[in-house]
Amino acid sequence: MAADGSVAATALPPLEGGRASTLQRLARRRSTIAFLMTLPLIVVVVGLVAYPAAYGMYLSTLNRRMTAFIGFGNFEILFDSDTFWNVAWQSCFFAITAVLLKAGIGFWLAHMLHHIPTKGQRKWRGMLLVPWVIPPALSTLGWWWMFDPSYSSINWLLMVFAVPEVPWLGHPWWARISIIIVNVWYGAPFFMIMYLAALKSVPEQLYEAAAIDGATAWQRLRYVTLPMMANIISITVLFSLIVTFANYDIVRVLTNGGPRDLTHVFASYAFQVGILSGNIPRGAAVSLFMFPILAVCAFFVLRGVTRRNKEQM
Amino acid sequence: MSATTANRDLPGIYHKAGSLRSERRWALVTSYISLIVAAVIFLTPPIYMFLTSLKTSAEIADQQGNPWLVRNPTLENYAALLSDKLFMGFFFNSVVVTLAVVALTMAISILAAFALSRMRFWGSQVLATGVFLTYLVPDTLLFIPLYQIVGGLGLLNSIWGLILVYPTLTVPFCTWIMIGYFASIPKELDEAALIDGATWPQMLMKIFIPVALPGIIAATIFAFTVSWAAFVYPTAFITTPDQMPLTIGVVSQLVRGDTFAWGQIMAGALLAALPPVIVYAFLMDYYIAGLTAGATKG
């Protein structure tokens, strides 16, 4: 070792020592720089998300005037009120129905868009994404006007086809359906775009192989397209479930919770209780009820995304 | 909706038809019918809003005849809004808030994404996951504690309060997709730069930002549309009309009293929706890239 490595031994130590210390210094400098660069992000995440989340939990244990600690008192009061159970039921019903419809329509339209010649796809895609581009609070105003009890233009169209008038926002069930219609109208284009991108990433060879094996259209869908898209479908559905479950704009503009508080979802009810009626702790408690279901969805979204990344690597 | 369910039966039909060519033709016809039905349903509300905005209040109040026709088109609703100090104030507030938030967001997320994608350091993986999780936190979950916090800082009823909290909506997603774009830049590029003696800031400015420009544009568009359309925070934090941005301004201030000026409301909503629509019309490819990047990159 010493005999044949003598030249290297004399040459290496200073070099190695020098490299180690510069490496160390570099690493130290690099991590310091990296920390400084991520500091604004950490401030936003900790100061505006993590801290408010903890503070919200603390708030929900206070009494109305925020002077005394009452433990789970707010939650107990909520559990005893019928309105709250209505809100919980309506939120789940709204989110699940709307997301299923959005995913179904988006899936269908993505396929239709994928089938037509590539030249025309851009134009159609551009047109069909318009509902997603308009801020929802504003497009809902347009829907509100179309649902207006005395001037409803939809009812006018129905009248042409001799269908009786629909009390869009006056009757609880129709109001629920109206909210779902508007949400589906707004959200389906997003699903369409996501699924179209996923469809385009399925290798053409798979379909060729399936065609050679004599697969029918249904079999191609069931055994090629769906497995290839499974991950993106679950990610978008769960993501949309989070956003739809926490929706506020559409309910606020369209019905504002009415008739008789029957169309409130968690977000609009929390707003009503916390900000408008001034019972901040109870409002915080209402919005915290969204947390468990959101956490479950978030867990699965995260798992889907990391799995997808591994597939791509 | 009814059309889509009816169309599901069609594969059965073209199987009986047999030949590949007629199968293709049927598939094409189904596609175009579905797309036309969808386009009509998707575009009807904005078109009806536009038709209403061209009517006078008298014409809207007249219940005789077809509401889908405009008999005496007029631009007076637009003229009234554009000369209305309050409405132009909303517009100004929206522009200030959006520009400030976009600038803040891009600065924060480009720096952080560069560090997270290239400099592995203690906790960087946890932080990247944390960023994605905060993106999944909806604004309606935290608006009440934030209301208290913003109130404690004395920023309720001020656009500065909005500039403070909007980054929670934009920064996580922008950082997340920028990490994806930066990670896709080949390592050889930064090695070459390091050999030439480039410093980290030089590497960011001269290599990463130019190469990842499409990603930066997509993230900027996202930040712009989100802060322009934000509704929950301004509704909760702002009650004085002169500090309102457009979304809540149009919804709360134009809709007042018992007699609705529907023409003006619709004109206001359309004017407020115009900036994101214009951005979308000119930068559609970047817009869509940003939209799909969340789940396919990163």
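Lettering of chains follows the sequences in order, A, B, ..., and the numbering in each one begins at 1. The structure presented is a predicted model; accordingly, all values stated were derived computationally and were not measured.
Side chain of B:S227 to backbone of B:V101: no donor-acceptor contact under 3.5 angstrom is found. Here the side chain of A:Q219 pairs a donor or acceptor atom with the backbone of A:T216 at under 3.5 angstrom. For the pair A:T38 (side chain) and A:L41 (backbone), a donor-acceptor distance under 3.5 Å is absent. Looking at B:S124, its side chain never comes within 3.5 Å of a backbone N or O of B:L116 through a donor-acceptor pair. Side-chain atoms of A:S268 come within 3.5 Å of backbone N or O of A:V265 as a donor-acceptor pair. Looking only at distances, a side-chain donor or acceptor of B:S117 sits under 3.5 Å from a matching main-chain atom of B:A113.
For B:Y147, the part sitting under 4.5 Å from any heavy atom of chain A is the side chain, from C-beta outward, and nothing else. For B:T175, the part lying under 4.5 angstrom from a heavy atom of chain A is the side chain only. Contact annotation for B:L136: both backbone and side-chain heavy atoms come within less than 4.5 Å of a heavy atom of chain A. In this structure, no portion of A:Y186 lies under 4.5 Å from any heavy atom of chain B. A:V133 touches chain B through backbone and side chain together, each having a heavy atom under 4.5 Å away. Both the backbone and the side chain of A:L129 have a heavy atom closer than 4.5 Å to some heavy atom of chain B. Using a 4.5 Å cut-off between heavy atoms, B:L127 touches chain A through its side chain atoms alone. For a residue to count as touching a neighbouring chain, one of its non-hydrogen atoms must lie under 4.5 Å from one of that chain's; by this rule A:R122 touches chain B with backbone and side chain alike. Looking at B:T235, the atoms closer than 4.5 Å to chain A (heavy atoms on both sides) sit in the backbone and in the side chain alike. Neither the backbone nor the side chain of B:L274 comes within contact range of chain A; no heavy atom of the residue lies under 4.5 Å from a heavy atom of that chain. Within the 4.5 angstrom heavy-atom criterion, only side-chain atoms of A:Y51, from C-beta onward, approach chain B. For A:I275, the part lying under 4.5 angstrom from a heavy atom of chain B is the side chain only. In this structure, the portions of A:I116 lying under 4.5 Å from any heavy atom of chain B include both its backbone and its side chain. Residue B:I36 touches chain A through both its backbone and its side chain, counting heavy-atom pairs closer than 4.5 Å.
Heavy-atom pairs under 4.5 Å with chain B were tallied for A:L128, A:V43, A:I42; the largest tally goes to A:L128. Of the listed residues (B:D285, B:L133, B:V165), the greatest number of heavy-atom pairs within a distance under 4.5 Å of chain A belongs to B:D285. Top candidate by heavy-atom pairs under 4.5 Å with chain A, chosen from B:T44, B:L35, B:T225, B:L43, is B:L35. Ranked by non-hydrogen atom pairs under 4.5 Å with chain B, the options A:L294, A:I134, A:D148, A:I280 are led by A:I280. No other option in A:M127, A:M192, A:R125 has as many heavy-atom pairs under 4.5 Å with chain B as A:R125. Interface remark: of the candidates B:P172, B:G268, B:A272, B:G130, B:A272 forms the most heavy-atom pairs closer than 4.5 Å to chain A. For the options A:A53, A:P131, A:S152, A:A54, heavy-atom pairs under 4.5 Å to chain B are most numerous at A:P131. Across B:T134, B:V171, B:D139, B:L270, the residue that shares the most heavy-atom pairs under 4.5 angstrom with chain A is B:T134. Ranking A:F291, A:W132, A:F271 against chain B, the residue ahead of the rest is A:F271, based on heavy-atom pairs under 4.5 Å. Heavy-atom pairs under 4.5 Å with chain A were tallied for B:L28, B:T52, B:T247; the largest tally goes to B:T52. In terms of heavy-atom pairs under 4.5 Å with chain B, the best-connected choice from A:I242, A:V243, A:I154, A:N247 is A:I242.
The aromatic rings of A:W145 and B:Y48 sit parallel, their planes meeting at an angle under 30°, below the 60° perpendicular limit. The aromatic rings of A:H115 and A:H111 stand perpendicular to each other, their planes meeting at an angle above 60°, with 30° marking the opposite boundary. Classified by interplanar angle (parallel below 30°, tilted 30° to 60°, perpendicular above 60°), the ring pair A:F239/B:Y135 is parallel. Taking the six-membered ring where the residue is Trp, B:F132 and B:W176 present tilted rings, their angle falling between 30° and 60°. The aromatic rings of A:W124 and B:Y32 are tilted relative to each other, their planes meeting at an angle between 30° and 60°.
The six-membered or imidazole ring of B:F143 lies away from that of B:Y233, with a centre-to-centre distance of 6.0 Å or more.
Between A:P281 and A:N74 the shortest heavy-atom distance is CB-ND2, 3.7 Å. Between A:L59 and A:A284, the shortest heavy-atom distance links the atoms CB-CB, 4.2 Å.
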* Verdict with supporting geometry, B:W228 and B:S94, side chain to side chain donor-acceptor pair (under 3.5 Å) -> CA-CA 7 Å; B:W228 191 270; B:S94 267; 5.3 Å; no
